[in-house]
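For reference, the structure is listed below as structure tokens.
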There are 2 protein chains.
Amino acid sequence: MDKKIIQELIDRYVSVSFDVNKKAESLIKGQIEEDLTIDQHYIIKYIQNSKECTSSELAEAFDVNKSAITAIINRLADRGLIERTRDENDRRVVYLTLSDKGKQLLQKTHEKVHLLVESIITQFDETEITNFINTYEKLALILTNMKMEEMGE
Amino acid sequence: MDKKIIQELIDRYVSVSFDVNKKAESLIKGQIEEDLTIDQHYIIKYIQNSKECTSSELAEAFDVNKSAITAIINRLADRGLIERTRDENDRRVVYLTLSDKGKQLLQKTHEKVHLLVESIITQFDETEITNFINTYEKLALILTNMKMEEMGE
DNA sequence: GGTGAATAGTTTAACAGTTTAACTAATATT
DNA sequence: AATATTAGTTAAACTGTTAAACTATTCACC
């Protein structure tokens, strides 16, 4: 690839990804139910989609210290959205699950976000958006590999 | 478009964008100089690229209240990275500029981030990445319009 | 089988970022 | 001239974050 073209692509990518992230985040904020923060929403969502979720897994997934997770989980547990259950075989481990209240909250937000994303996605033609998501997923894979290499060092 | 396909695309998009954001952010964190936070980095970057930057403009661009910007700018000004200058014609307005120290810091990070993004981008072929960025920019445009409609309500 | 290392999670202190509301100072409106 | 609007700051309260020290449990292995 030509050097100049690469430089231009880099600039465009850096700029557009910042832009889209900011705006998408602010749109999602608008869809979230009842005073949940965006981080709390993502934590709840992750717990729902994970089979046996632990604090360590969350810390790994969100790339923060475990104590940051403890703080968030405490707030959500205080509000009755999350429940903690000790593993009977390994009593160090605490499994996190959503309460019914937590599930309901997530469900409402999930539907709203889906509608929002749908209203955006359908403005593209199918080939374009499919290609886009395919490349996006390749990018995710590359980033995962880079992170793993970084860990391995 | 078929309903099922749309649903699948939505799920994939929501999932992959979360994934890429988390990982990209953590990679960028690793490139930032001297204890700047990622928000501080983006603020400095924005000030550099804007002609006559004010707190109000930053608050708009980052979608937060002006008082949040004041707090960040205070910290950066205390460290001598940013300077404030009052507008002589409208003395309510304060222009924000980078000090030499601030510019140097940004430059170093900028180079590192560029190298990082370059090492990623060059793993794709030119057509694919160009198409990807084109679509990404369309998406940015759609989100901008949605935000503007929201404001207009 | 007991000792030391590793693991899961919590606590605490300190700080960054955020919102809301009240405020100051300057400019615009009428 | 009086009133409203605008730019920015301050203060209080909260969320998210790290680093370091801690508890409780399990693992390794001699």
Side-chain angles (χ1 to χ4, degrees), chain A residues 21-22 25-26 28-30 32-47 50 52-79 81-97 151, chain B residues 21-22 25-26 28-30 32-47 50 52-79 81-97 151:
Chain A
N21 283 352
K22 274 287 162 229
E25 188 169 288
S26 108
I28 289 174
K29 262 189 217 160
I32 291 176
E33 293 287 321
E34 279 188 51
D35 298 330
L36 276 195
T37 67
I38 203 160
D39 294 287
Q40 289 170 346
H41 166 69
Y42 279 125
I43 291 280
I44 286 182
K45 188 164 177 295
Y46 190 98
I47 292 173
S50 165
E52 290 198 313
C53 191
T54 64
S55 282
S56 300
E57 187 185 340
L58 285 170
E60 172 81 14
F62 287 77
D63 196 40
V64 295
N65 287 358
K66 286 190 288 184
S67 53
I69 301 297
T70 300
I72 296 175
I73 298 299
N74 280 342
R75 286 182 204 111
L76 293 172
D78 288 349
R79 291 175 60 181
L81 301 172
I82 281 183
E83 278 152 16
R84 291 191 235 231
T85 331
R86 282 220 114 81
D87 182 330
E88 282 308 315
N89 295 333
D90 184 344
R91 299 193 44 73
R92 291 170 302 184
V93 177
V94 178
Y95 295 117
L96 304 168
T97 50
M151 310 285 269
Chain B
N21 283 352
K22 274 286 163 229
E25 189 169 287
S26 110
I28 289 173
K29 261 189 216 161
I32 291 176
E33 294 286 321
E34 280 188 50
D35 298 330
L36 276 195
T37 67
I38 204 159
D39 294 290
Q40 288 170 347
H41 166 68
Y42 280 126
I43 292 280
I44 286 182
K45 188 164 177 296
Y46 190 99
I47 292 173
S50 165
E52 288 198 313
C53 191
T54 64
S55 283
S56 300
E57 186 184 340
L58 285 170
E60 172 81 13
F62 287 77
D63 196 39
V64 295
N65 287 358
K66 286 189 289 184
S67 54
I69 301 297
T70 300
I72 297 176
I73 297 299
N74 279 343
R75 286 180 205 111
L76 294 171
D78 287 349
R79 291 175 61 182
L81 301 172
I82 281 183
E83 279 153 15
R84 291 191 235 230
T85 332
R86 283 219 113 83
D87 183 330
E88 284 307 315
N89 295 334
D90 183 345
R91 300 194 45 73
R92 289 171 303 182
V93 177
V94 178
Y95 295 117
L96 304 168
T97 51
M151 310 284 269

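Reminder, nothing fancy here: chain letters follow the sequence lines and each chain counts from 1.
At C:dT24, none of the side-chain N or O atoms of B:Arg91 fall inside 4.0 Å of OP1 or OP2 (strictly under the cut-off). Note on B:Arg75: every side-chain N or O is 4.0 Å or more away from OP1 and OP2 of C:dC15. Checking the phosphate oxygens (OP1, OP2) of D:dT10, no side-chain nitrogen or oxygen of B:Ser67 falls inside 4.0 Å.
At the heavy-atom level, B:Thr70 lies under 4.0 Å from base atoms of the strands shown. Residue contacts for A:Arg86: at a heavy-atom cut-off of 4.0 Å it reaches no nucleic acid atom on any strand shown. Within 4.0 Å of A:Ile72, counting heavy atoms only, lie sugar-phosphate atoms of the nucleic acid but no base atom. Within the 4.0 angstrom heavy-atom criterion, only backbone atoms of the sugar-phosphate kind lie near B:Thr37; the bases stay farther away. Across all strands, B:Asp90 comes closer than 4.0 Å only to sugar-phosphate atoms, never to a base (heavy-atom distances). A:Asp39 comes within 4.0 angstrom of the backbone, heavy atoms only, and of no base. Among the protein residues, B:Asp87 comes within range of no part of the nucleic acid, since none of its heavy atoms lies under 4.0 Å from any strand.
The interatomic distance linking A:Ile44 (CD1) with D:dG16 (C1') rounds to 15 Å, in whole Å. Note: CD1 (A:Ile69) to C1' (D:dT18) measures 13 Å, nearest angstrom. If you take CG of B:Asn74 and C1' of D:dT9, they are 8 Å apart, rounded to a whole angstrom. Atom CG of A:Asn65 is separated from atom C1' of C:dA14 by 14 Å (rounded to the nearest Å). One interatomic measurement links the two molecules: CD of B:Glu52 to C1' of D:dG8, which rounds to 17 Å at whole-angstrom precision. Atom pair B:Ile32:CD1 and D:dT17:P shows a separation of 15 Å (rounding to whole Å applied). Rounded to whole Å, atom P of C:dT10 lies 8 Å from atom CG of A:Leu96. Straight-line distance from the CG atom of B:Asp63 to the P atom of C:dT19: 8 Å, rounded to whole Å.
Closest to the side chain of B:Arg92, out of D:dT9, D:dT26, C:dA26, is C:dA26. Each of C:dT19, C:dT10, D:dG16 was ranked by its minimum atom distance to the side chain of B:Ala68; first place goes to C:dT19. The listed nucleotides are D:dT15, C:dT10, C:dT18; the one nearest the side chain of A:Gln40 is D:dT15. When distances run from any side-chain atom of B:Ser55 to the nucleotides D:dG8, C:dA8, D:dT15, the shortest one goes to D:dG8. Closest contact between the side chain of A:Ala71 and the listed nucleotides D:dT15, D:dC27, D:dT17 involves D:dT17.
Of the two residues near DNA chain C, A:Lys29 and A:Lys66, the one whose nearest nucleotide lies more 5' is A:Lys66. Map B:Val93 and A:Ile38 each onto its nearest nucleotide of DNA chain D; the residue landing nearer the 5' end is B:Val93.
Paired with A:Leu96 under the rule side chain to side chain contact (heavy atoms under 4.5 Å, CB included), one option of A:Leu58, A:Thr54, A:Ile44 passes, and it is A:Leu58.
Nearest heavy atoms, B:Arg86 versus B:Arg91: NE-O, 2.7 Å. In this structure, A:Ile32 and A:His41 approach most closely via the heavy-atom pair CD1-CB, 3.7 Å. Nearest heavy atoms, B:Ser50 versus B:Glu57: OG-OE2, 3.1 Å. The minimum heavy-atom distance linking A:Ile38 with A:Glu25 is given by the pair CD1-CG, 3.2 Å. When every heavy atom of B:Ser55 is checked against every heavy atom of B:Ile69, the shortest pair comes out as OG-CG2, 3.9 Å.
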